**Student:** 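Sharing a structure here in structure tokens format.
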Amino acid sequence: MQETQKRDIKSMTLSQLEAELQAAGEKNFRAKQLYQWMHVKLARGFEEMTNLSKEFREKCGEVYDYTSLATVQVQESAIDGTRKYLFRLSDGNLVESVWMKYHHGNSVCISSQVGCRMGCRFCASTLDGLERNLLPSEMLDQIYAIQLDTGERVSNVVVMGTGEPLDNYENLLVFIRLLTDENGLHISQRNVTVSTCGLVPEIRRLAEEKLQITLALSLHAATDEKRRALMPIADRYSIQELMEACRYYFECTGRRITFEYSLVGGVNDTDQDAEKLSALAGPLNCHVNLIPVNPIKERDFVQSEASRIRTFQNNLEKNKIHVTIRREMGRDIDGACGQLRRRTMHAMEAENSLQDCGGSKTC
Ligand code: SAH
């Protein structure tokens, strides 16, 4: 007989949980108690919910699945205290998250998928393709585990780790609603940033949700031709379509968009590139965030010279574009986005195959 799958309780909104428990004949306040244990006290399992009867906790355990993460590795930067976490999900998959300390608060960068299918040429997270989407609870768990580990409140969340968040749209939306819910961790929507490689229909759909989150668009090139050389998604949507979607997002939400632009030496960092980028960002009143590309060993992209980066920034500023250069946090532990997961995954595979053949060096 096939076991019916248990439902994921940590991905339920408070009103869903209230309806569920009411239908099951439970007292009204039970839902709120459970919700607080999950999303405020950050319990790692039903067994920690000590003010609920053992009988009720056991019943919950029979009906619901309670996701949790195991910490596989934590790397801490000696330079700025940035921490990179590698977590194992209940099905054995690995995800990466990063904790960064700023003057204005603590920021966590989370993954939205296991792997990615967008294929950006400079990105390590996409090299092995997409394994699966993360559940809303599994996105929350990354933040909860880090808050528990550091003992410090997380004030900002950026969805900029592995995965394309708008390729996991429904789960992302539930995640944002739970994260910003006043009955949960209650992080302000304005302190949540979602970064996308540019899925036009989903940007428009997100605009209509009228959230106050920040949308960051990974532009990386100012002409379709150059963008296509870096990002396969550019074959599907033109820059013009993207700019129209960005304008729509601003009209619907009043929120200014951020353009992310990874500078790749000799590829997208000329004076002409800066002029073209200014022409795109100016009318939209966008903020531009320049990122010196983080070279990955699988590709031969190089960072632009420091002087070129400064000139590029000056060119934008001359055109009255609001521009920042991304501070490179945790330079000493870094490795580009997705590399820690990839390295560990491949090391584990190598170990397994050695074990499979009795450790023989000839295989
Ligand atoms: N899929 C989303 C979010 C994840 S990537 C997106 O594309 O926006 C987060 C940001 O890091 C994106 O701007 C991405 O293009 C950039 N990025 C990925 N690998 C990089 C690298 N090796 N060097 C510099 N930026 C990189």
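Indexing begins at 1, ligand by ligand and atom by atom, following the structure's order. Just the heavy atoms: all of them, side chains too, but no hydrogens, waters or symmetry mates, feed the values below. FYI, the numbering just counts along the sequence from 1. All of these numbers come straight from a predicted model, not from anything done at the bench.
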**Student:** Under the criterion side chain to side chain donor-acceptor pair (under 3.5 Å), which of Asp167, Asn171, Thr126, Asn168 is the partner of Gln113?
**Tutor:** Asp167
**Student:** What are the atoms of ligand 1, with element, lying closer than 4.0 Å to any heavy atom of Asn294?
**Tutor:** 21 (C), 22 (N), 23 (N), 24 (C)
**Student:** Of His220, Arg121, Glu260, which has the heavy atom at the shortest distance from atom 10 (C) of ligand 1?
**Tutor:** Glu260
**Student:** Any idea which of Arg299, Met160, Gln113 brings a heavy atom closest to atom 5 (S) of ligand 1?
**Tutor:** Met160
**Student:** Only heavy atoms count here, so choose which of Ser111, Ser195, Cys123 is nearest to atom 19 (N) of ligand 1.
**Tutor:** Cys123
**Student:** Is there at least one pair of N or O atoms, one from Gly161 and one from ligand 1, spaced under 3.5 Å apart?
**Tutor:** no
**Student:** If the cut-off is 4.0 Å to any non-hydrogen atom of Val293, which atoms of ligand 1 fall inside it?
**Tutor:** 23 (N), 24 (C)
**Student:** Could you tell me whether Glu20 and Arg30 have a side-chain N and a carboxylate O separated by less than 4.0 Å?
**Tutor:** no
**Student:** Can you pull the salt bridge (Lys or Arg N to Asp or Glu O under 4.0 Å) pairs that have at least one residue in residues 312-322, sequence neighbours excluded?
**Tutor:** none
**Student:** Is the distance between the ring centroids of Tyr85 and Phe87 less than 6.0 Å?
**Tutor:** yes
**Student:** I need the atoms of ligand 1 closer than 4.0 Å to a non-hydrogen atom of Cys197, numbered in the order shown.
**Tutor:** 6 (C), 7 (O), 8 (O)
**Student:** Quick one: does Gly163 get a heavy atom under 4.0 Å from ligand 1?
**Tutor:** yes
**Student:** What's the verdict on side chain to side chain contact (heavy atoms under 4.5 Å, CB included) for Thr150 and Asn106, showing C-alpha distance, side-chain angles and the deciding distance?
**Tutor:** CA-CA 10 Å; Thr150 60; Asn106 299 317; 5.9 Å; no
**Student:** With a 4.0 Å cut-off, would you call Asp65 and Arg7 a salt bridge?
**Tutor:** no
**Student:** What do we get for Thr196 next to ligand 1 when only non-hydrogen atoms under 4.0 Å count, side chain, backbone, both or neither?
**Tutor:** backbone
**Student:** Going by ring-ring contact (aromatic ring centres under 6.0 Å, His included), name the pairs with one or both residues in residues 123-175, residues two or more places apart or in two chains.
**Tutor:** His39-Tyr144
